S.K.: 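Following this message is one structure expressed as structure tokens.
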Amino acid sequence: DRLCNNSNIILTHLNIHQIIAISAMEAMKYNQDDDCSLDFYSDITGIEVNDLINLEYEFLESLDFKLFIDKKDYILYKNSLLNNLKAFSK
């Protein structure tokens, strides 16, 4: 939500894989001391290194470089995802 509210990014079926890839990449970088290379991320995502750099910057800028999510928001989104998963699997 913060990403969409703070940028010109519109999620579509054409770009959702890039947003998920950048989100996962940033989560890994945020939580691990030993970071992988951009070549590694490019290989596993299929996104060119230069595009990764640009997407990463736009992603971080739109979040005001604040990657931390407080516990209340985490629980809210976790429960929402679980409820949607239950509804989808019926």
Side-chain angles (χ1 to χ4, degrees):
D1 284 343
R2 288 188 300 156
L3 179 69
C4 291
N5 291 334
N6 297 329
S7 72
N8 295 332
I9 295 174
I10 298 171
L11 296 179
T12 70
H13 69 283
L14 299 174
N15 70 358
I16 190 67
H17 69 287
Q18 293 176 330
I19 302 302
I20 292 170
I22 294 296
S23 298
M25 184 176 89
E26 292 308 314
M28 289 172 58
K29 286 181 168 186
Y30 184 80
N31 288 301
Q32 295 179 356
D33 290 335
D34 189 22
D35 190 24
C36 299
S37 71
L38 284 174
D39 288 328
F40 170 78
Y41 292 120
S42 177
D43 287 344
I44 63 170
T45 62
I47 303 171
E48 296 291 328
V49 171
N50 287 337
D51 292 335
L52 271 178
I53 293 168
N54 292 330
L55 288 167
E56 180 180 27
Y57 180 77
E58 186 175 352
F59 179 86
L60 291 171
E61 188 177 54
S62 67
L63 296 177
D64 199 25
F65 293 85
K66 296 177 183 171
L67 298 178
F68 180 79
I69 300 171
D70 65 40
K71 188 173 182 176
K72 181 185 76 158
D73 289 337
Y74 174 81
I75 291 170
L76 176 74
Y77 283 98
K78 181 186 105 175
N79 290 339
S80 176
L81 286 170
L82 290 174
N83 290 335
N84 286 321
L85 181 61
K86 287 177 189 173
F88 183 72
S89 63
K90 288 184 180 182

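Here the structure is a predicted model, which is why all the values come from computation and not from measurement.
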S.K.: Is there a continuous path of hydrophobic side-chain contacts, each under 4.5 Å between heavy atoms, that joins Leu60 to Tyr57?
M.R.: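 Yes, Leu60 and Tyr57 fall within the same hydrophobic cluster.
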S.K.: Do Met25 and Phe65 sit in the same hydrophobic cluster, where Ile, Leu, Val, Met, Phe, Trp and Tyr count as joined when their side-chain heavy atoms come under 4.5 Å apart?
M.R.: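 In one cluster: yes.
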S.K.: Under a 4.5 Å cut-off applied to non-hydrogen side-chain atoms, are Ile53 and Val49 in contact?
M.R.: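 A side-chain contact exists here, since the closest heavy-atom pair is under 4.5 Å.
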S.K.: Is the closest side-chain heavy-atom distance between Asp64 and Arg2 below 4.5 Å?
M.R.: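 No. Closest side-chain heavy atoms not under 4.5 Å.
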S.K.: Hydrophobic clustering (ILVMFWY, side-chain heavy atoms < 4.5 Å, transitive) - are Tyr30 and Tyr77 grouped together?
M.R.: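 No; Tyr30 is not reachable from Tyr77 via cluster members.
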S.K.: Restricting to non-hydrogen atoms, name the atom on Leu3 and the atom on Leu63 that form the minimum distance, rounded to 0.1 Å.
M.R.: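 Leu3 and Leu63 have their closest heavy atoms at N-CD2, 3.8 Å.
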S.K.: Restricting to side-chain hydrogen bond (donor to acceptor under 3.5 Å, both in side chains), what partner residues turn up for Glu26, sequence neighbours left out?
M.R.: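 Listed in chain order: nothing, the list is empty.
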S.K.: At what distance, to the nearest 0.5 angstrom, does NE2 of His13 lie from CG of Asn15?
M.R.: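 Here the interatomic distance stands at 9.5 Å.
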S.K.: Quick one: side chains of residues 40-48, donor-acceptor pairs under 3.5 Å with protein atoms, not counting sequence neighbours, listed by atom name and distance.
M.R.:
| from | atom 1 | to | atom 2 | distance (Å) |
| --- | --- | --- | --- | --- |
| Tyr41 | OH | Asp35 | OD1 | 3.1 |
| Ser42 | OG | Ile47 | O | 2.6 |
| Thr45 | OG1 | Tyr41 | O | 2.7 |
| Thr45 | OG1 | Ile47 | N | 3.2 |

S.K.: So, Lys72 and Asp70, do they make that salt bridge, N to O below 4.0 Å?
M.R.: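 Salt bridge absent between Lys72 and Asp70.
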S.K.: Test Leu55 against every option in Asn50, Ile22, Ile19 by the side-chain contact (heavy atoms from CB on, under 4.5 Å) rule and name the one that passes.
M.R.: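 Only one option passes, and that is Ile22.
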S.K.: When you compare the side chain of Phe59 with that of Leu67, does any pair of heavy atoms fall below 4.5 Å?
M.R.: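 Answer yes - side chains close enough.
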S.K.: Give a yes or no on whether Ile10 atom CD1 has more than 12 heavy-atom contacts from other residues, nucleotides or ligands under 6.0 Å away.
M.R.: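 Counting other residues, nucleotides and ligands, CD1 of Ile10 stays at 12 neighbours or fewer.
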S.K.: Do side-chain atoms of Asn83 reach the backbone of Asn79 as a donor and acceptor pair under 3.5 angstrom?
M.R.: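 Yes.
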S.K.: Check side-chain hydrogen bond (donor to acceptor under 3.5 Å, both in side chains) between Gln18 and all other residues, then give those that pass, not counting sequence neighbours.
M.R.: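 Per chain and number, Gln18 pairs via side-chain hydrogen bond (donor to acceptor under 3.5 Å, both in side chains) with no residue.
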